[in-house]
Amino acid sequence: MSEEIRVRFAPSPTGFLHIGGARTALFNWLYARHNSGKFVLRIEDTDKERSTDEYIDAIIEGMKWLDLDADEGPFRQTDRFDIYKGYIDKLVAEGKAYYCYCSPEELDAKRKEAMKQGKALKYDGKCRDLDKPVEGVKPVVRFRMPHEGQTTVEDLIKGNVSFDNEQLDDLIIARSDGTPTYNLTVVVDDVDMKITHVIRGDDHLNNTPRQTQIYEALGYKVPKFAHLPMILGADKARLSKRHGATSVMAYYEMGYLPDALINYLVRLGWSYGDQEVFTKDELVEYFSFENVGKAASIFNPEKLLWLNAQYIMNSSSEKLGELVMPFLVKDGTVKEGQEIDMAWLAKAIDTLKERSKTLLELAESLRYYISEDVEFDEKAKAKFLNDNSRDMLVELKDGLTAISDFTTEEIEKLFNSIIEKHEVKLGKLAQPVRVALTGGTQSPGIFEVIDVLGKEKTVNRLERAIQSI
Ligand code: GLU
């Protein structure tokens with residue numbers, strides 16, 4: 001049997017789940033699912049000053065919304081300090097790491113001097129071969145990097161990338177308070193959690209030769225690596241708030257569907273022929289690193305919006321009804337505890353889903369269906385609810401009141417008889433009716449609107465509009 005594929009997403013909880021992090025999580029999740037492997041969630045919270053429980057919750061919330069379910073975890077590195085200590089002690093005992101007593105001030109002065117002379121900013125190895133401790137100083141632990149030769153990272157996306165060991169610093173693996181640092185904890189955890197593939201942003205590529213050396217010093221097999229190219233803004237700068245919202249949950253709030261965001265994220269770096277829209281099942285089936293590009297990707301909010309509109313258009317109205325409900329409650333259209341007939345809501349959504357790019361837009365349009373009364377747009381009211389339309393509106397209202405069979409066919413007949421009598425085109429009647437029924441000049445076809453509103457609401461709204469003239 002071949003080895004089980006195990007991958008992990010290892011965010012540091014120093015901020016919300018952002019677009020780049022979500023893309024990394026997604027590629028890990030897809031790789032695990034494609035290979036029937038395991039997806040582990042690990043919280044890298046060793047930087048106690050910048051990590052918070054709120055950010056941990058926010059990351060988990062974002063992953064839950066995107067439905068990127070982990071098979072194991074979340075594990076927290078702060079729960080695992082004893083494990084790291086065991087490995088640090090082992091490295092020291094074997095001479096593969098050593099205590100360093102240099103003070104921060106001393107190191108700082110050396111760094112400044114090196115900078116002045118244009119030399120590499122690298123620890124000079126003063127404590128590398130000390131034979132006895134310096135009394136009264138709490139040491140850090142440094143890893144003994146080889147100084148000769150090269151370390152080659154075999155990367156599934158970038159190919160082989162070699163680093164001169166000369167460039168690698170004797171990095172600190174434990175601080176003077178005994179707490180471990182990132183490059184050590186990440187290796188220990190990836191070993192301990194039997195990670196076979198490390199998939200992460202290529203901002204970590206420079207750490208990989210260092211981590212490779214630590215794996216080898218501990219006598220463990222190095223996992224496979226896949227470093228994902230960065231995500232940039234349109235101006236080629238690293239993605240930041242300037243380029244639009246970067247937090248995943250901001251997209252929830254703006255009314256994006258999680259699957260649309262997933263579909264957008266996967267295309268930031270991965271492609272499959274010319275196909276743009278994928279179901280999650282298709283993504284799981286097609287995903288591989290062969291189709292991940294080497295170049296950085298450009299974040300394009302317009303394309304994300306376009307995709308979202310596609311997803312809304314292609315979702316069932318029943319599902320959209322459930323997804324839009326929190327937005328309707330939030331904006332007060334639906335009161336807490338108010339019963340909404342979900343089949344009726346789906347019928348209303350049928351008329352709107354091709355014209356709504358986000359759930360927020362959908363919720364806004366649904367307001368005129370759900371609310372008791374409409375708010376008139378002042379300009380529209382002045383233009384269409386006036387003496388030119390009054391008589392037609394009265395005739396329509398009376399006619400609709402009299403119709404026993406309230407079907408679109410009958411309603412259309414009534415419209416036609418009124419416009420024929422007044423010798424006008426349909427728009428001359430439809431537009432005032434639209435303003436009367438929806439408050440504005442933009443809406444689905446007028447017969448669809450009437451169909452959704454039903455007889456009573458339609459007649460009441462016409463009456464109210466006539467009264468307002
Ligand atoms: N905790 C690191 C980060 O959030 C990720 C480390 C890794 O994936 O190896 O950038």
Side-chain angles (χ1 to χ4, degrees), residues 5-32 37-60 62-63 68 70 72-81 84 87 143 151 153-158 161 163 171 173 179-215 218 220-231 238-240 246-248 265 269 289 292:
I5 305 268
R6 291 175 60 85
V7 297
R8 85 307 195 271
F9 175 49
S12 302
T14 54
F16 297 103
L17 181 64
H18 55 83
I19 292 291
R23 198 248 335 226
T24 301
L26 172 63
F27 280 29
N28 275 284
W29 183 89
L30 285 172
Y31 196 65
K38 290 285 185 314
F39 175 51
V40 178
L41 175 59
R42 182 171 78 224
I43 304 293
E44 304 209 320
D45 58 346
T46 54
D47 182 346
K48 288 188 192 160
E49 272 171 26
R50 293 174 60 225
S51 305
T52 68
D53 285 357
E54 286 72 30
Y55 287 138
I56 296 178
D57 293 345
I59 290 167
I60 292 172
M63 289 177 69
L68 300 175
E72 293 172 27
F75 299 108
R76 283 181 73 154
Q77 290 191 322
T78 42
D79 291 337
R80 298 168 54 79
F81 276 6
Y84 308 128
Y87 283 91
F143 183 79
T151 305
V153 175
E154 291 173 25
D155 191 89
L156 293 169
I157 297 169
K158 299 186 183 290
V161 189
F163 296 81
L171 56 91
I173 56 174
T179 57
T181 61
Y182 162 69
N183 279 300
L184 185 277
T185 56
V186 77
V187 170
V188 168
D189 283 347
D190 287 340
V191 166
D192 203 49
M193 297 172 190
K194 301 192 169 52
I195 299 303
T196 57
H197 294 72
V198 170
I199 304 166
R200 60 187 173 195
D202 69 5
D203 48 338
H204 282 290
L205 184 62
N206 278 332
N207 286 322
T208 309
R210 297 170 167 85
Q211 292 168 14
T212 300
Q213 288 299 334
I214 300 178
Y215 279 104
L218 290 170
Y220 290 108
K221 193 173 143 202
V222 181
K224 298 213 162 49
F225 290 98
H227 286 94
L228 308 172
M230 288 285 99
I231 303 173
R238 213 179 146 151
L239 190 63
S240 73
T246 54
S247 140
V248 163
L265 289 175
F289 285 114
V292 176

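Both ligands and their constituent atoms are indexed starting at 1 by order of listing.
- Each of Asp190, Asp189, Asn28 was compared with Arg8 under the side chain to side chain donor-acceptor pair (under 3.5 Å) criterion, and only Asp190 meets it.
- Residue Glu154 places its CD atom among 12 or fewer non-hydrogen atoms of other residues, nucleotides or ligands, all under 6.0 Å distant.
- Relative orientation of the Tyr215 and Phe225 rings is perpendicular, given thresholds of 30° and 60° on the angle between their planes.
- Under a 4.0 Å heavy-atom criterion, Tyr182 is in contact with ligand 1.
- The protein atom (non-hydrogen) at minimum distance from atom 10 (O) of ligand 1 is His204 NE2, 2.9 Å.
- One option in Ala10, Gly15, Gly201, Pro13 has a heavy atom closer to atom 2 (C) of ligand 1 than any other, and that option is Ala10.
- Interface atoms of ligand 1 facing Pro11, defined by a heavy-atom separation under 4.0 Å, are 4 (O).
- Counted by atom type alone, Arg200 and Thr208 present one or more donor-acceptor pairs between their side chains at under 3.5 Å.
- Of the heavy atoms in Ser12, both backbone and side-chain atoms come closer than 4.0 Å to ligand 1.
- Here is the list of ligand 1 atoms found below 4.0 Å of a heavy atom in Val186: 9 (O).
- The ligand atoms of ligand 1 that sit less than 4.0 angstrom from a heavy atom of Arg8 are 7 (C), 8 (O), 9 (O).
- Set against the non-hydrogen atoms of Glu44, the atoms of ligand 1 under 4.0 Å away are 1 (N), 2 (C), 5 (C), 6 (C).
- Counted within 6.0 Å of CZ on Phe16, heavy atoms from surrounding residues, nucleotides or ligands total 12 or fewer; the atom is thus considered open.
- Other residues, nucleotides and ligands contribute only 12 or fewer heavy atoms inside 6.0 Å of the NZ atom of Lys224.
- What you find for Leu17 and Met63 is that their closest heavy atoms are CD2-N, 3.7 Å.
- Of the candidates Gln211, Gln77, Arg200, Arg200 brings a heavy atom nearest to atom 9 (O) of ligand 1.
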